Trainee: 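Input: one structure, supplied below.
We name chains A, B, ... by the order of the sequence lines, and we start the count at 1 in each one. Since we're looking at a predicted model, the values are computed, not measured.
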Amino acid sequence: MPTQTFIVNGKKVSVDVEDDVRLLWVLRDLLGIHGPKYGCGLNVCKACTSHLNGAEFNPCSVPVGDIKATDEITTIEGLPATVGKELHPMQEAWLDIDVAQCGYCQPGQIMAAVALVKTVKAEGRSITDDDLDGIRNICRCGTYPRIREAIKAGAANM
Amino acid sequence: MAAPARPRPLPYPRPKEPAAVEPEATASAGTDRRRFLSYLIAAPTLVVAARLGAQAIHPEPAGAAVPSLPEPSDLFDLGDLQNLAASPTSGLISVVVNTDGTASFAMPRAEVGQGITTAIAMLIAEEIDLPLEKVDVTLADARPELVWNQLTGGSNTIRSLYTPVRIAAAGARSRLISTAAKQWKVPPSTLTAKDGVITSKSGKTVTYGAIAAAAAASKSSTVSVNLKPTKDFTVIGKSTNRVDALAAVTGAKVYTMDLVVPNALPTMVCRPPTINGTVKSVANLAAVKAMPGITDVAIVSTGVAVRGNTFGQCIDAVDALVVTWGPGTEDHQSDETVLAELKKAEIPLAVPPLNLLAKSIESEFTFYFRSNSPLETNCAIADVRKDSAEIWSSMKSPVVAQETIAQDLKLPVKAVTCHVMQGGGSFGRHLFFDAAREAAEISQKMGKPVKLMWHRTDDFRHGRTHPMATSRIRVNYSGKNVLTYEQRHTSVSTDFTHGFGEILTEFAAELPLGNLTFAETIFELTQNVPYNFGVTTQLLNEVDLGFHTGSMRNIYSPDVCTATELMVDQLAAAMKVDPYVFRKQFLKDARSKAVLDKAAQVGGWGKTMPAGTAQGIALHNEYKGCSAALVEIDCRPETVNRPIENGVTGPRVTKVVYVVDVGLPINPKGLEAQMLGGIMDGIAQVLTSSLHFKNGIPLEGSWDNYYYTRQWNVPLDVQVVIMPPTTGKPGGAGEFGVASSMAAIACAYARATGTMPTSFPINHNEPLGFTPLPLEPPLPEEPTNGLG
Ligand code: FES
Ligand code: FES
């Protein structure tokens, strides 16, 4: 069985598992990192959204064998450390606005929001309603209006 | 088979007043001054309990003298029934004061996102005088002695726990104070308690934590307590953020699949190509068991279960199984055949056009199947041993679950422990315990602990669905008066075997309704027409077709209310009256008029709108509360045809003003959250979201097939207005946002397009917007395109 090596939330990890197992299962079932959630396993619901080398990605749809030893994966658990704080400004905004209901989608929502704001900032502009309309993450509890509000507030502090 | 139609004499007999069940209250000088009994429980630290079900049933007197007699649910509703059911189960709920200064409470209810842990913590903080963060509310394991009183449903948690929880907390506070008084040798009335600290006149202080052990009782006794008068509330009624928000945003909140139970390895089930299909044979059990990571394979009643090191390996194993399937139970049923069965079963409308001067309007509406699947799929952990079993799952009826699972496993009930986990949504799904039951069977068969998760595709296809229904309405009117209103709601039967059934059997005699089926009773206890429409009847008939059903958020109300309100708009048009003015003229009570007026005022009813866009307004009363929604919709082609990859756009609701009066809001911020969720459901149910049944199975298998509201469907302007307290008693909230928003959106659509929609969602009969995932193998292949 191959050994898979990569960096998660700043820590180097090695795990023995077949190449074709999707990264979400390696994180959740073998490494015990439970922030990224399963909502479909089809790259549709975006509940598993995390970052790979700073960019948004969906580990349910990436074979672990595609991950390189130098790749840095950030899950919701590692997000605050990327800004050297106890909480990322996006998480703070989520708390202020009390976005979560059941909370199940929220790690994915926050990771998607941070990536969106970064992209938009890199383009030298600020978030528009069209940008927010483009977010695919499902929230079956219907927290969408508060998510929109929180992203705008969080972006202001990023 | 269609059940025989059972029309009943009209109008309804007036409900008899149920006996008040507030046995603990003594003396009285107005509600706020009543004394209640709490129970001091012998324990090493302070434990004070109250009897569940101490909340009285207060049938509200009928409103003004009106042409419409009150309908049953005006006087006695589903929540009253649940409260009545609670009174004889003598289970106590208790608040514990710990030596670290915190108070804890194991709530016999399920938190699935509706915010009840926060609201209950607020009630305790209020009465015991502790900061909210020092109150810890957890979810209690199944407690069989509570019988039907551990059911989370019908938006009834706060209504049923509001008084008992406060009694226990107030009892604890008074015991802490009397203990300090004794130690300091001063009268208790000279002491004050605030934020967990007791202070004497002379400035001596002691914390709750420091005195909790001294306050503990060595033998149990009763203590009478006063509850805080409403005017002194500092926590109740104040917007408060959720107590579990930090855990949610950091990924630390533990759902069933995040729980680590030793050796409970990932487990999935290979399911049949049509619902209720059975395994005839499996050609390659041994080969699948030898696949990488797989530890066990077993045939179970729902399919073939596989257990392995990762869920990914389970998915591969499920798809590798070569199974010969027997037929399912609904293989010949598709949307069209179900609709035909419903039409056959409709109870005839009884009142003909009345006389030459009266006119009649009649309409029929169809509501297709909808999935109540939350984002977290069905899941459970089970560890079944030879003579015991332990189950972890989000269960809203854990007592029924425990009894059923014990029976399945042939174990005594007390050998089965059911732990209630935090749920990733519910919407009616977790009233059932399908995953817990299946996990227990698998664990017993394999002789090992299992962590069972349903695949998303299975959750849509084999999970429970809100039943398809038709609603037929006829009104007779003459001049400016409505003389009769008849509604016949015909539905594929809703499964109520999760505990409501037991309540109804036990309390059949107490009900004001006579001998109806469970579903008819629930229908009668929840439905009403808030207007003076003369002789009013709303009847339900059900067709039992063997689908996996379950009520979705707000049971019958969203469909019934949408049909009603579309009819109201037709009546207003026929009488040439503005829809808002018409409603105001015909509404029965002042609270309804107040929410309607507020919505019209805040939303700017009647403003001029461009062609292809319109406003809609609608109303719904339930849970001892009133709600009104005013929405704006944009049905112009440039909006409807916005391109979104693998999604439906369609008309966009651009603005919603939602006004709600729940009697006494406990946590306005939490209430607003529930209304927002209900509005998103209303949008989905009118415009986009349904299951298409084809030859015994839904075609939908992913969130890109089942079109629940997505960001591109969300209104940019949503305002929730919470009315100040009206009745002083909390009503229900969790489901209250759906019905009037759904109805208002349907009305707005009709006004914007000039065509009244008659089937829901409006896109259901358009060509499918997706290519259905294959039925065999059952699970779609895992994608490899996750790098974006
Ligand atoms: S679980 Fe990864 S996108 Fe749904
Ligand atoms: S908060 Fe429940 S799914 Fe989003």
Side-chain angles (χ1 to χ4, degrees), chain A residues 17-18 21-26 28-30 32 34-45 47 52 55-63 66 75-77 87 91 94-95 98 100-107 110 129 132-136 138-148, chain B residues 112-115 241-242 244-251 253-255 257-258 260 266 292-293 309-313 315 373-377 422-425 427 453 455-456 669 673 676-681 702-704 708-712 714-716 718 780 782-788:
Chain A
V17 65
E18 285 73 11
V21 174
R22 303 301 186 266
L23 181 64
L24 179 64
W25 311 123
V26 176
R28 290 189 53 89
D29 302 342
L30 302 178
H34 292 134
K37 301 294 179 217
Y38 169 84
C40 70
L42 300 170
N43 199 7
V44 167
C45 76
L52 180 73
E56 175 179 15
F57 86 118
N58 289 92
C60 72
S61 300
V62 176
D66 290 1
T75 68
I76 188 77
E77 289 92 338
L87 286 175
Q91 290 170 309
W94 242 252
L95 290 178
D98 207 33
Q101 288 188 30
C102 82
Y104 195 81
C105 72
Q106 303 297 347
I110 292 169
D129 280 324
L132 297 173
D133 279 3
I135 296 175
R136 298 195 72 93
I138 294 276
C139 175
R140 183 59 186 79
C141 295
T143 66
Y144 298 115
R146 286 191 182 173
I147 289 174
R148 297 176 87 100
Chain B
V112 291
Q114 74 281 49
N241 287 4
R242 291 180 64 106
D244 55 359
L246 182 64
V249 305
T250 53
K253 187 167 170 181
V254 177
Y255 305 86
M257 290 296 95
D258 306 331
V260 180
N309 291 330
T310 66
F311 281 107
Q313 289 159 323
I315 292 171
S373 177
L375 187 54
E376 173 195 45
T377 54
Q422 298 277 347
F427 320 108
M453 187 175 79
H455 193 277
R456 163 56 50 206
K669 202 163 186 177
L676 291 175
I679 293 164
M680 299 305 126
D681 285 17
S702 132
W703 291 109
D704 276 353
Y708 182 69
T709 305
R710 306 279 279 265
Q711 282 292 8
W712 53 84
V714 172
L716 300 184
V718 188
E782 293 181 285
T784 52
N785 59 351
L787 289 177

Trainee: Going by salt bridge (Lys or Arg N to Asp or Glu O under 4.0 Å), name the residues that satisfy it together with A/Arg22, two or more places apart in sequence or in a different chain.
Mentor: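 For A/Arg22, no residue satisfies salt bridge (Lys or Arg N to Asp or Glu O under 4.0 Å) once neighbours in sequence are set aside.
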Trainee: Is B/Ile315 in contact with chain A via its backbone, its side chain, both, or neither, using a 4.5 Å heavy-atom distance?
Mentor: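 For B/Ile315, the contact with chain A is made by the side chain alone.
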Trainee: Heavy-atom cut-off 4.5 Å, strictly under: side chain, backbone, both or neither for B/Val260 against chain A?
Mentor: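 Interface part for B/Val260: side chain.
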Trainee: Heavy-atom distance under 4.5 Å to chain A: side chain of B/Met453, backbone, both or neither?
Mentor: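 Just its side chain gets close to chain A.
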Trainee: Against chain B, label A/Asn43 side chain, backbone, both or neither, depending on which of its atoms sit under 4.5 Å from a heavy atom there.
Mentor: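 For A/Asn43, backbone and side chain are both near chain B.
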Trainee: Carefully, step by step, assess A/Cys45 and A/Lys37 under the rule side-chain contact (heavy atoms from CB on, under 4.5 Å).
Mentor: CA-CA 10 Å; A/Cys45 76; A/Lys37 301 294 179 217; over 6 Å; no
Trainee: Heavy-atom cut-off 4.5 Å, strictly under: side chain, backbone, both or neither for A/Ala47 against chain B?
Mentor: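 Only the side chain of A/Ala47 comes within 4.5 Å of chain B.
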Trainee: Between CZ of B/Arg710 and CG of B/Asp704, what distance do you get to the nearest 0.5 Å?
Mentor: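 Nearest 0.5 Å value for the CZ-CG distance: 5.0 Å.
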Trainee: Measure the CD-CG distance between B/Gln313 and A/Asp29 for me, rounded to the nearest 0.5 Å.
Mentor: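 One gets 8.5 Å once the value is rounded to the nearest 0.5 Å.
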Trainee: Heavy atoms only, distances under 4.5 angstrom: which of A/Leu95, A/Val26, A/Ile110 has the most pairs with chain B? Name it, please.
Mentor: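 Option with the top pair count is A/Leu95.
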Trainee: Heavy-atom pairs under 4.5 Å with chain B - which of A/Asn58, A/Thr75, A/Ile138, A/Thr143 has more of them than the others?
Mentor: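 The candidate making the most pairs under 4.5 Å is A/Ile138.
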Trainee: What's the separation between atom CG in B/Leu676 and atom SG in A/Cys139, rounded to the nearest 0.5 Å?
Mentor: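 One finds 10.5 Å between CG of B/Leu676 and SG of A/Cys139.
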Trainee: Give the intermediate values and the outcome of side-chain contact (heavy atoms from CB on, under 4.5 Å) for residues A/Phe57 and A/Leu23.
Mentor: CA-CA 11 Å; A/Phe57 86 118; A/Leu23 181 64; 3.6 Å; yes
Trainee: Which region of A/Val44, side chain (C-beta onward) or backbone (N, CA, C, O), has a non-hydrogen atom less than 4.5 Å from a non-hydrogen atom of chain B, or is it both or neither?
Mentor: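 Both backbone and side chain.
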Trainee: Let me know if B/Leu716 has heavy atoms under 4.5 Å from chain A in its side chain, its backbone, both or neither.
Mentor: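 Just its side chain gets close to chain A.
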Trainee: At a heavy-atom separation under 4.5 Å, does B/Glu376 approach chain A through its side chain, its backbone, both, or neither?
Mentor: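 Its backbone and side chain both get close to chain A.
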Trainee: In terms of heavy-atom pairs under 4.5 Å, which option from B/Arg242, B/Met257, B/His455 contacts chain A the most?
Mentor: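 Of the candidates given, the most pairs with chain A belong to B/Arg242.
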Trainee: Which one, B/Gly115, B/Gly251, B/Gly678, B/Gly293, leads in non-hydrogen pairs under 4.5 Å with chain A?
Mentor: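 Ranked by heavy-atom pairs under 4.5 Å with chain A, first place is B/Gly251.
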Trainee: Can you measure from CG (A/Asp98) to NZ (B/Lys669) and round to the nearest 0.5 angstrom?
Mentor: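 Interatomic distance, A/Asp98 CG to B/Lys669 NZ, rounded to 0.5 Å: 5.0 Å.
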Trainee: If you count heavy-atom pairs under 4.5 Å with chain B, which of A/Val62, A/Leu30, A/Leu52 comes out on top?
Mentor: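 Result: the option with the highest number of such pairs is A/Val62.
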Trainee: Could you check which of B/Gly425, B/Ala673, B/Pro266 has the highest count of heavy-atom pairs closer than 4.5 Å to chain A?
Mentor: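 Winner by heavy-atom pair count: B/Ala673.
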Trainee: Which pair of heavy atoms, one from B/Thr709 and one from B/Met680, lies closest together, and at what distance?
Mentor: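 Looks like OG1-O, 2.7 Å.
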Trainee: Sort A/Leu42 into side chain, backbone, both or neither according to what part of it lies under 4.5 angstrom from a heavy atom of chain B.
Mentor: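 Both backbone and side chain.
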Trainee: For the candidates A/Pro63, A/Pro145, A/Pro107, which exhibits the highest count of non-hydrogen atom pairs separated by less than 4.5 Å from chain B?
Mentor: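 Looking at each of A/Pro63, A/Pro145, A/Pro107 in turn, A/Pro145 comes out on top.
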Trainee: If I measure from the heavy atoms of chain B, does A/Leu24 come under 4.5 Å with its side chain, its backbone, both, or neither?
Mentor: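 Looking at A/Leu24, nothing touches chain B.
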Trainee: Is chain A contacted by the side chain of B/Val112, its backbone, both, or neither, given a heavy-atom distance below 4.5 Å?
Mentor: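 Contact with chain A: backbone only.
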Trainee: Of the listed residues (A/Arg28, A/Glu56, A/Arg146), which shares the most heavy-atom pairs with chain B below a 4.5 Å separation?
Mentor: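 The option with the most such pairs is A/Arg146.
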Trainee: One thing to verify: whether B/Lys253 and B/Asp258 come together as a salt bridge, which I'm taking to mean a side-chain N less than 4.0 angstrom from a carboxylate O.
Mentor: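 Result for this pair is no, no salt bridge flagged.
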Trainee: Under a 4.5 Å cutoff for heavy-atom pairs, which residue among B/Leu246, B/Asp681, B/Ile679, B/Asn785 has the most contacts with chain A?
Mentor: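 Highest number of heavy-atom pairs under 4.5 Å: B/Asn785.
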Trainee: Assess the residue pair A/Cys102 and A/Cys141 against the criterion (side-chain contact (heavy atoms from CB on, under 4.5 Å)); give the C-alpha distance rounded to whole Å, side-chain angles, the decisive distance to 0.1 Å, and a yes or no.
Mentor: CA-CA 7 Å; A/Cys102 82; A/Cys141 295; 3.6 Å; yes
Trainee: Non-hydrogen atoms of chain B under 4.5 Å away: do they reach the side chain of A/Glu77, the backbone, both or neither?
Mentor: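 Answer is both: backbone and side chain atoms of A/Glu77 are under 4.5 Å from chain B.
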Trainee: Given A/Arg140 and B/Trp703, is the side-chain contact (heavy atoms from CB on, under 4.5 Å) satisfied, shown in steps?
Mentor: CA-CA 10 Å; A/Arg140 183 59 186 79; B/Trp703 291 109; 3.9 Å; yes
Trainee: Examine A/Tyr104 together with B/Tyr255 and report whether their ring centres are nearer than 6.0 Å.
Mentor: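 For A/Tyr104 and B/Tyr255, the ring centres are under 6.0 Å apart.
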Trainee: Find the distance between CH2 (B/Trp712) and CD1 (A/Ile135) and round it off to the nearest 0.5 Å.
Mentor: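 One finds 10.5 Å between CH2 of B/Trp712 and CD1 of A/Ile135.
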